J.: 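Dropping a structure here in structure tokens format, bear with me for questions.
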Amino acid sequence: AAFEEPEVAQESVGPTPAMGRPCRGDAAMARRALAALAAAGVLLALRSARSPASSAHRSFTAPLLRGPAALRRQRLGRPGTVARRAAGEEEEEEEEGGGSGPSPEAWRDFRAQLIASGIKVTDEVGDGGSAASVGETKVVKSMEERRQPVAPKNEELLKEQNEELWNEYINGAWAHPSLVEVGGLLCRMPVPAQLLYQMRQLDSGGARPVLGEQLRQRLMEELPEDTKASEKEALFQTFAGNINYVYRVAERMVNDRLEFISEQAQGGRLDPRSLEEADQRLVLMYTRSQDSWQSVCLVLRASADAGTTAAESVTINRPLARRLDEKLAGYLLNGNDPEESRYSRDVVAKCLKAFGREAAVYLGGPDRQAEPALLVHGFGDLPGAEEVSTGTRIYIGGVEAAIDGVLAGTFSPLDFRWFVGRHSELSTRNGEWSAVACARPIALKQCLGLPKPLWHEVMELCGGESALLSRLEFVKRDDLEEEDA
């Protein structure tokens, strides 16, 4: 509490991804097609066969959506979109007859269809070059061909809880790293992953965050002593491309520094102001990671900052209660302020009757906990419900209709989730959080007694480095067994 978190330089934009071969047809059609691809998040680079020179400039799980501004832009103020426009970008005139491009619903459907039917991705990107000129193009197998459940026990549990959502999950569950988008997720990154992320970042002056620079130096020290000066950078890039190895080095670095810091304590007390800047940042980073370890958050509102910040979100994997009593029912409906009661005692009594024996209440976040709980579900025809973003089919509100529906037997109590508290301003800029776009059932399903934690399930669905990171963290757990997951 004696020091504030230092700012970390915003991640550099990096190279422009290869967009593949030019589309045929008029310019407007080509631009709309590329815009749809970029918005759909399908131009992702594979880690495999990545050249050493480029690997140091990749965000750990950030998407490689680094195309022209026109391809990344979504209109401010339009429902269901995330503003991705950087300040100062010029507006471009729309092509005649081009309209405003695909709707948010069409973008999400297009993305799901591409992933389900097989998409092309490149394993290397260059500065504006085509796919043919910068790397081999690979084809991802269709969903039917590559359907390998990452959490089969979780799927069985979902079927017991909500068969309709289970059907949707097994027939089209997808997830991939993305910019921050409403209806998407944010996954909390462990400290070693943050260090790796920061090692890859360069600010406008060519400098790295201090902890990222320390990790780089630690890796340089791991190089063979007889390495020639002219060969060190190339060999370093080879070492840095081995994520498993780099992650272990980052873990050792964290443990060594924390052990050193603990030795500075006198009488069980440590004044953080006596620490060097890098150690202050590490202590703060470690403390924050413990407070939100492996949290997965649903984004409800995004900031207009090029897709790096969630203005409002709720943690979806922190269960708080499985049933209600009268006091909790009143708290969910009216919050902690009796003077601001929104619902009458009769409605509270009905809520208790509907959710008293079975409910799903989560700790949504540290902010706004005194307010009434937020009800999240997947029923668009529920009176009073509002879609969080057009095309997501994820809804909030409709409390009284939900209560009446459960009492009438139309819905199950586990069709709904209550969230006490929210998160404000969660950002991906310093590697603390990683944004993930996903299919609706992943964001909507219950997280009650999951055999495999949701964080691991989401990361493994993303594949690539995200899946590798999940594996590195999974093997540390002695409370989970592979056959149960």
Side-chain angles (χ1 to χ4, degrees), residues 154 157-158 161-162 180 182-190 286-301 309-337 340 342-343 348 351-352 354-378 388 394-397 399 402-403 413-427 432-436 438 442-459 477 479:
N154 287 9
L157 181 60
L158 176 59
Q161 296 172 340
N162 189 323
V180 174
V182 178
L185 304 176
L186 286 173
C187 293
R188 185 59 162 91
M189 292 292 101
Y286 184 81
T287 303
R288 289 170 63 92
S289 72
Q290 298 305 298
D291 292 339
S292 53
W293 180 75
Q294 292 194 355
S295 291
V296 179
C297 297
L298 171 65
V299 179
L300 302 174
R301 189 161 53 88
T309 304
E312 184 180 345
S313 59
V314 290
T315 302
I316 61 176
N317 61 335
R318 290 293 187 268
L320 187 62
R322 298 289 298 270
R323 58 184 61 85
L324 306 186
D325 58 18
E326 184 176 1
K327 184 176 182 180
L328 183 53
Y331 189 94
L332 295 180
L333 295 184
N334 294 319
N336 201 33
D337 188 353
E340 297 292 333
R342 182 180 304 180
Y343 296 99
V348 172
C351 180
L352 177 59
F355 293 95
R357 294 184 178 181
E358 186 176 41
V361 183
Y362 295 82
L363 183 60
D367 304 324
R368 302 170 61 179
Q369 290 185 355
E371 297 182 9
L374 183 72
L375 185 66
V376 177
H377 53 87
V388 297
I394 298 174
Y395 304 88
I396 59 175
V399 171
I403 294 172
L414 293 185
D415 287 336
F416 301 92
R417 291 181 297 173
W418 303 86
F419 291 94
V420 177
R422 322 274 178 90
H423 283 280
S424 301
E425 302 300 322
L426 296 183
S427 176
E432 187 171 322
W433 296 88
S434 177
V436 173
C438 68
I442 300 171
L444 280 179
K445 70 175 192 166
Q446 297 288 358
C447 297
L448 304 172
L450 292 178
K452 173 175 281 188
L454 180 67
W455 187 87
H456 288 282
E457 182 178 350
V458 172
M459 296 291 280
R477 303 280 296 266
D479 60 326

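Worth knowing before you read on, the calculation uses all heavy atoms, side chains too, and leaves out hydrogens, waters and symmetry mates. The shown structure was predicted, so the numbers you read here are calculated from the model rather than taken from an experiment.
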J.: For Ser424, enumerate each residue passing the side chain to side chain donor-acceptor pair (under 3.5 Å) test, keeping only those at least two apart in sequence or located in another chain.
T.: Asp367
J.: Please round to the nearest 0.5 Å and tell me the distance separating atom CZ of Arg301 and atom CD of Glu425.
T.: 7.5 Å
J.: Is the backbone of Tyr343 close enough, under 3.5 Å, to the side chain of Asn334 for a donor and an acceptor to pair up by distance?
T.: yes
J.: Check salt bridge (charged side-chain N to carboxylate O under 4.0 Å, His left out) between Arg422 and all other residues, then give those that pass, not counting sequence neighbours.
T.: Glu312
J.: With heavy-atom distances below 4.5 Å as the criterion, would you say the side chains of His377 and Asp415 are in contact?
T.: no
J.: Are Leu320 and Tyr362 side-chain neighbours, meaning at least one heavy-atom pair lies under 4.5 Å?
T.: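 The answer is no; the side chains never approach within 4.5 Å.
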J.: Are any of the side-chain heavy atoms of Cys438 and Val458 separated by less than 4.5 Å?
T.: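 Side chain of Cys438 against side chain of Val458, heavy atoms only: no contact under 4.5 Å found.
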J.: Which atom names give the shortest non-hydrogen contact between Val299 and Ser313, and what distance separates them?
T.: CA-CB, 4.0 Å
J.: Quick one: CZ on Phe355 to CG on Leu414, what's the gap to the nearest 0.5 Å?
T.: 9.0 Å
J.: Report yes or no: does Arg417 contribute a side-chain atom to a donor-acceptor pair with the main-chain N or O of Leu374 at less than 3.5 Å?
T.: no
J.: Please say which of Val361, Ile316, Leu363 ends up in a side chain to side chain contact (heavy atoms under 4.5 Å, CB included) with Phe419.
T.: Ile316
J.: Does a side-chain heavy-atom distance below 4.5 Å link Val376 with Leu444?
T.: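 Heavy-atom side-chain distance check passes, below 4.5 Å.
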J.: Write down the atom of Trp418, the atom of Ala373, and the distance for their closest heavy-atom approach.
T.: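 What the structure gives for the nearest pair is CE3-CB, 4.2 Å.
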J.: Mind checking the CH2-SG spacing from Trp455 to Cys447? Nearest 0.5 Å is all I need.
T.: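 So the CH2 of Trp455 and the SG of Cys447 are separated by 14.5 Å.
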J.: Okay, side chain of Asn154, backbone of Lys452: is any donor-acceptor separation there less than 3.5 Å?
T.: yes
J.: Ignoring hydrogens, what is the shortest heavy-atom contact between Val314 and Gly421? Give both atom names and the distance.
T.: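 Of all heavy-atom pairs spanning Val314 and Gly421, the closest is CG1-O, 3.8 Å.
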J.: Which atom names give the shortest non-hydrogen contact between Leu186 and Leu426, and what distance separates them?
T.: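 In this case the closest contact between Leu186 and Leu426 is CD1-CB, 3.8 Å.
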J.: Quick one: pull up CE in Met189 and OG in Ser289 and give me the separation to the nearest 0.5 Å.
T.: 12.0 Å
J.: Apply side chain to side chain contact (heavy atoms under 4.5 Å, CB included) to the pair Val388 and Leu298, showing each step before the final yes or no.
T.: CA-CA 10 Å; Val388 297; Leu298 171 65; 5.9 Å; no
J.: For Glu371, enumerate each residue passing the salt bridge (charged side-chain N to carboxylate O under 4.0 Å, His left out) test, keeping only those at least two apart in sequence or located in another chain.
T.: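 In terms of salt bridge (charged side-chain N to carboxylate O under 4.0 Å, His left out), with neighbours along the sequence ignored, Glu371 is linked to Arg368.
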J.: At their closest point, which heavy atom of Leu157 faces which heavy atom of Leu448, and how far apart are they?
T.: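 Shortest heavy-atom contact: CD2-O, 3.4 Å.
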J.: Please enumerate all residues that pass salt bridge (charged side-chain N to carboxylate O under 4.0 Å, His left out) together with Asp479, with sequence neighbours excluded.
T.: Arg477
J.: Are the side chain of Gln446 and the backbone N or O of Ala360 linked by a donor-acceptor pair below 3.5 Å?
T.: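 Between the backbone of Ala360 and the side chain of Gln446 there is no qualifying donor-acceptor contact (under 3.5 Å).
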J.: To the nearest 0.5 Å, how far apart are CZ in Arg188 and OG1 in Thr315?
T.: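 Output value for this atom pair is 11.0 Å.
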J.: If I compare all heavy atoms of Ser292 with all of Arg318, which pair ends up nearest, and what's the gap?
T.: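 Shortest heavy-atom contact: C-NH2, 4.0 Å.
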J.: Quick test of your reading: applying side chain to side chain donor-acceptor pair (under 3.5 Å), list the pairs with at least one residue in residues 322-333, sequence neighbours left out, ordered by first then second residue.
T.: none
J.: Only counting residues at least two apart or in another chain, list the ones meeting side chain to side chain contact (heavy atoms under 4.5 Å, CB included) with Pro366.
T.: His423
J.: Return the CD to CG distance between Glu358 and Leu324, rounded to the nearest 0.5 Å.
T.: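 One finds 10.5 Å between CD of Glu358 and CG of Leu324.
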